[in-house]
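Contents: one structure, followed by commentary.
None of these values were measured; they are calculated from a predicted model. Convention: sequence-line order gives letters A, B, ...; per-chain numbering from 1.
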Amino acid sequence: MNNLTLYLLISAVLFSFGLVGVMMRRSLIAILVSIELMLNAASLNFMAFNKFLSPDTSIGQIYTLFIMGIAAAEAAIALSIFLALFRQLRSINIERARELRG
Amino acid sequence: MNGGVLSQGLLPQLAFIVVVGITFCGAIIAVFHRNILYNVLGLALALCGVAGLYVFLGSLFIGLMQLLIYVGAICIAMVFAIMLSRPVHLPKPKRKVSKMATSIFAGLLILGVNVGVIYKTAWQPASERKLDWSVKTIGDFLLTRYVLVFEVISLVLLVAMLGAIIISRYNGRTS
Amino acid sequence: MKTLLFLPEIYYTVMALILFLLSVQKVANRRRTFLVAFGLASLGVFVTLFAVKMHGYLFYNAYKVDLFSQVFKFMLALGLFFVVAVCDNLGDISEREHAEFYLFLVTCTIGMMMLVSAVELLTFYIALELSSYSLYILVPLRRGVGFDKEAGVKYILIGATASAFLLFGMSLLFGVAHTTYLPELFKLFPSLITQPAGAVGLMLVLAGLFFKQAVFPFHFWAPDVYQGASNQVTTYIATASKVAAIAIVIRFVGLASQNNELLVKVLMVLSVASMTFGNLVAIIQKDIKRLLAYSSIAHAGYVLIGILTMDTTGFASAMFYALAYLIMNFSCFMVIVKVSPDGRNVWVKDLAGLHKRSPLLAMTLMLGLFGLAGIPPTVGFTGKFLVFLAAMQKGYLALVIIGMINATISLYYYLIIIKAAYLLEPDTDEIPPLKVGFGLKMLNYGLIAAIVLLGIAPSQLFDIAKAAASVLY
Amino acid sequence: MFTKDPILLACTVTVVLPFLSFLTIICYTRKWERVSCSISIGAILTSLLCAVYLFVATRHFTEPLQYRLPWVISGKTIIPFGFLVDHLSMLMLVIVAVIASLVQIYSLGYMAGDPGFSRYYACQSLFAWAMMTMTVAPSMIQFYIFWELVGLASYLLIGFYYEKWSASQAGKKAFVVTRIGDVGMFIGLVILLLYYGNLSIVDVNSAAVAKQIPVPLITISAILIFCGVIGKSAQFPLLTWLPDAMEGPTPVSALLHSATMVAAGVYMFARLFPFFAGSEQALQFALLIGTITMVLSSTMAMVARDIKQVWAYSTVSQLGYMVMALGAGGYFAGMFHLTTHAGFKALLFLCSGVFIHHYHTNDFFVMSRQGARNLKVPMVCMTIGALALSGVFPFSGFFSKESIMVALAHHPNKIWLAAGLFGEVLTAYYTFRLIFVMLFPKEIEDHGHHEEEHHEGESILYWLMGWPLIILASVTCVLGFFEKQFEHYLFADFILAHGMEHGAEAAQAGGHWLTITAIVLVLIGVAVAWLEYGRKGASQEGFLSRMPAIEKLFANRWYMDHFYRWALDMIIYSGFTNIFTRNDRRVIDGGIDGLCRGTEGSGRIASFLQSNMVQYNIFVMVAILGFVALSFLG
């Protein structure tokens, strides 16, 4: 638990989990959940590099803080768009959104 | 603040394993469970786990922030969205095996890439390291180097709020 | 005065503030909102022009003001001005949201202006998200069509995934280089790129940026969003946002300018795939906006040819192409906006008889399309020519040939539109002439003159582009 | 700068005026037709004056004069723009200006009352500008740019009758096909630029003569550049677009398909002739292509019933002759034939235009029945043109064809000469087939009375169309006798510039037997035509009608379009039938349309990548990104 590789591996696994969710889940909210996982993986990466490699141990923390802020903003926008789509389709199943094609 | 207390001995190791376990369990529930409410709860679990990892990585502050912002705000927002759209009661079509297979394949591919990167790169610590974990330094940085970011993120949040209000505003004409 | 360096951004922030105040007023007045936005946007062009020669660092070196960034800021201001100029009939956005509509356009512009100046990863990322989020909101703002929300959802899903990749790539870069400043990264890069984390990190970051530029295979949002968003928003995405994307791709590819062969190869493959895919699929499109979306994918491929040469000439040619693309694409979109006063999507066949309804608009459309197709003496030809020339000097002959063949293919579908505008007769007998007001007339003349004159006499502009590209780091 | 140098001034005026006229018409005077046409004609006449002045002023110049202005500087490469004034370019400039002026005057009558009158003149001006600027281009880049513009203007002119579906299709076909050739040309230029580093015409030519460019490089780039000629001058295998392009207004056909646009290909060949001559293979290739084109298109002309089609095929075959001449090393012969051909072919088209305008049909059998021979002026002029075309003494065509035969005779391989002579028979046959049919109709429907009325109303227009005919006809009658001066003019320049004596003197020594053979062959052709179409009680059915298979072969253009179509079917469609079930497969005749459909088909295939399922899209994105990143791991 005191080596970089371990944390990086955890973050890589989290990232892949998120990615699988994004591609697999039908529910928009579940996709958003998966995207949050991916963002967290990136944050974890920053924190790990921060602890073991970085010249200044504040930088990674600041990155993580801001990623949280961005994630909150993203969630707000995404959820509002999902709700708007829900009103239209009466569903938040992404596979129902298939009108645009060609 | 310093993670030093947790860095040696059997107990901390056990704690670490538990935290990692929580993270992965949460992630698995978040991604694979079919009930959307459980997904969000799984996410909350995973985020708590990550917050624990942050503590292991030496920053209690960020860990607390993670709990506050992510678990306290984002997850709750999602739960609200679920309540508004009531997807729990919607019919659940069967999963397509092909879709699962392709997405798991892509996930494994990216995992492979990442593992390759992790093991093939010669990670080198910076030659000079300032090990300063105080929150004050973070604050200093926020007001010097990252002051622009600090200002801009408020703009981002403003835009996000305004946008969320406008888009989700119920408009009688639609549908 | 250091604050003066930040003038364009401050100006647009003030503009955003004014629009915000307008948006909280009780009674929405579409005319007044438009006039305020238009006046401020046109003034903004001059402000950015005034700021072109400035250079210096701001915010503890996180923000670099130089010729490169200022030229792009000018282009962005021009793009915003163009788009606001055709917003006098926002047919499909509800009236009480007009002020917000302009507000988001302006915040997006601010984000992109910061994007072209940011030389620190976090600053860069936040600016990128500011511009992206504004666009995510603008797309589903449309009212009355069934698919705007769907486009918005697809946009934000693909965008969020791409930005997660970008962030992950940034973390790898941070880990391997220990710095987040681009100029320092630039110095370290020759050794970094030999590390897998450096190369993969850069590639992941580029993936996020290619998403903005709609390069194959990160283009999937483009057709849907172009089709789903309202005409004005599409215009903005197709012009200003593309310009910013080109700028940041130049910035990041410039990091690796010490001839990394593998990266060049990857960029070549992406460029060829973009051109070929975009052009082939564009042929079968019926909706003009969708067609232009595919054409924009193809154009991203052409620009990439200039960028992947990784030298000053190539970057300068890509910058020239960006400006050319801004003007030509706007010409086409302006006509689309004007042809459909109620904001509906325009199909190719809806253009029938355009040359009788408004000869001027038809002329602008034709020149814009000829420019996109790269027919001399339009600015589009000159842009393509410069890009190909830069690639040729590096000896990328095959790439140039593929580009040429693609330009020929693209001619086919551009001609379909021109044929519709000039040669087809509308189904119905009555063809109401389009009213072209004085301002629009002037805009048209300006665009026509720019397309032709910049095509004939590009050398001064190209010199500026070269000067700008040489101060990249 | 201008005042000191009248030549530069004249060049600039010649080139810029038509462009200004185009801009003025398109921007301001669309509504006033009279103003538009006056502006356009005034501009082209002024250009003509300047061109003639230049022609005269520079006739004694021995060195080519170059004015160059750097246009773009990119890296080490400097791209100049400017003028190249030498004998060849001046000759071409005058030809273009003369034909364009006459056509524009003629169009006053032909296009009168057309709703797109102003647009027509705008396009004419655009075309004149592009063509003339191309003519005086000092570097291949400028040449290429305006070469493309010429194609663009021709697209607009051919597709002028946009109400007609076939017309707009034909315009598109012409544009796309010539662009296919242009891709080859551009690649050739790029290769040349890459390995030689300079695209100035004078430099390239002198370097080729001085053997500074390796021969394989010349061969490759020359053959690729020749692709441009194939496209633009409608050589085999891209020759099918030209007959289709006859859908445009007849004056346009006269302008584009006789004197200027299609001749641009041959002009480029001549322009770079010393360069081409640096490679034996390239010349052989050109010779082969020219011969095939000439024979094929002659046979097609033998069965056509549309008057414009006949002239179109004959244009293709005459262009084949020019390419043959140049390919055989007969620089002068090729250019001389280009000049004479410009005159008589424009004449033929303009005459046919009068008939078409009058009788509203393109079928000359029908025209003849309606009393075509009563239109005296055009009939006489057309006969003169036909005599010149088939190479009868003393008309201009005789002299130029003669010099081509001499050039071919000097080629070691006599098969080309045989082919050329065979072509003469065919030419004479199909030309006089048309003339005899027009002159001696089988039965005449009584339209005499009706004719008179018609004449009264349109007499001004008739004479507006008539005068250009008379001018061209007289030129055709006398031009041949200036062969010596002509030769001197071109060769003085050529020898001095390139130090090459490519059979200049040898051409003089051509045996009399050749002349006699040629004349006899022409007479045979005419006689056959007379037997079948001219003499009293002639069946007016060609000997080919007794061989229906061959007739069909010729009428269907040797099944070339069908072949393209078939090949495309085999290559593109057969494997993807299922995919195309959604595709409405209309019956398409043209091979090139097939090509377009083919591209469309691949567009459909490619669009399968663009699913409407967003997650599938993300999968494609991630998978590609993953593989790319894997490659970075090394």
Side-chain angles (χ1 to χ4, degrees), chain B residues 31 50 57 74 78 81 85 103 106-107 109-131 138 140-175, chain C residues 6 9 13 16 20 23 58-63 94 96-97 100-101 103-104 107-108 110-111 114 117-118 120 122-127 129-130 132-134 136-141 143-144 146 148-149 152 165 168 172 175-181 194-201 203-204:
Chain B
V31 172
V50 174
L57 282 168
I74 299 179
M78 285 180 185
S85 59
S103 45
L109 182 68
I110 296 296
L111 185 66
V113 169
N114 275 331
V115 171
V117 167
I118 291 165
Y119 279 105
K120 283 202 165 184
T121 308
W123 301 104
Q124 305 242 309
S127 45
E128 279 178 38
R129 302 198 60 199
K130 266 190 285 179
L131 296 174
I138 298 179
D140 279 348
F141 265 111
L142 281 183
L143 290 180
T144 54
R145 205 160 149 186
Y146 293 107
V147 63
L148 178 66
V149 183
F150 199 55
E151 301 296 332
V152 174
I153 195 144
S154 56
L155 194 57
V156 173
L157 290 170
L158 173 77
V159 166
M161 272 192 319
L162 260 179
I165 293 169
I166 288 185
I167 293 171
S168 55
R169 179 154 68 192
Y170 186 71
N171 194 328
R173 270 175 294 168
T174 51
S175 80
Chain C
F6 207 51
E9 290 83 346
T13 316
F20 184 63
S23 77
L58 283 172
F59 303 111
Y60 303 85
N61 296 349
Y63 201 78
S94 86
R96 58 177 174 169
E97 283 159 11
E100 283 93 342
F101 167 82
L103 173 63
F104 292 133
T107 51
C108 185
I110 296 173
M114 292 182 173
S117 262
E120 198 272 338
L122 189 59
T123 321
F124 182 85
Y125 178 68
I126 300 288
E129 293 299 1
L130 177 59
S132 303
Y133 291 173
S134 309
Y136 294 156
I137 295 163
L138 281 169
V139 171
L141 216 53
R143 296 278 182 256
D148 59 315
K149 304 291 183 293
F165 272 106
F168 204 82
L172 290 180
V176 78
H178 312 131
T179 177
T180 56
Y181 283 105
T194 55
Q195 297 278 350
V200 172
M203 197 56 229
L204 293 184

H178(C) side chain to Q124(B) backbone, donor-acceptor under 3.5 Å
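Yes, the answer is positive, given that a donor and an acceptor are paired below the 3.5 Å cut-off.
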Using atom types as modelled and distance alone, determine if a side-chain donor or acceptor of E100(C) lies under 3.5 Å from a backbone N or O of G163(B).
no
Counting only non-hydrogen atoms closer than 4.5 Å, does [X] touch chain B with its backbone (N, CA, C, O), its side chain (CB onward), both, or neither?
{"X": "V200(C)", "answer": "side chain"}
{"X": "L130(C)", "answer": "both"}
{"X": "L138(C)", "answer": "neither"}
{"X": "S132(C)", "answer": "neither"}
{"X": "Y125(C)", "answer": "neither"}
{"X": "T107(C)", "answer": "side chain"}
{"X": "F59(C)", "answer": "both"}
{"X": "F165(C)", "answer": "side chain"}
{"X": "A197(C)", "answer": "both"}

In short, S94(C) meets R143(C) closest at the heavy-atom pair N-CG, 4.0 Å
For the residue pair E120(C) / Y146(B), report whether a side-chain donor-acceptor contact shorter than 3.5 Å exists.
yes
Checking I110(B) against chain C: side chain, backbone, both or neither under 4.5 Å from a heavy atom?
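The side chain, not the backbone.
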Measure distances from V147(B) to the heavy atoms of chain C and classify the residue's part below 4.5 Å as side chain, backbone, both or neither.
side chain
What's the spacing between L141(C) CG and K149(C) NZ if we round to 0.5 Å?
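Between L141(C) CG and K149(C) NZ, I get 8.0 Å after rounding to 0.5 Å.
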When rounded to the nearest 0.5 Å, the distance separating CH2 of W123(B) from CD of Q195(C) is 8.0 Å
How about Y181(C): does its OH atom have over 12 heavy atoms from other parts shown lying under 6.0 Å from it?
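Yes - once you tally the heavy atoms of other residues, nucleotides and ligands closer than 6.0 Å, there are more than 12.
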Describe, in one word, how the ring planes of Y133(C) and Y136(C) are oriented to each other, choosing from parallel (under 30°), tilted (30 to 60°) and perpendicular (over 60°).
tilted
Checked L148(B), L162(B), V117(B), V113(B) vs chain C; the most non-hydrogen pairs under 4.5 Å come from L148(B)
Select, from T123(C), T179(C), T194(C), the one with the greatest count of heavy-atom pairs under 4.5 Å involving chain B.
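Of the candidates given, the most pairs with chain B belong to T123(C).
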Are the side chains of I166(B) and I137(C) in touch, meaning some heavy atoms are under 4.5 Å apart?
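Side chain of I166(B) against side chain of I137(C), heavy atoms only: no contact under 4.5 Å found.
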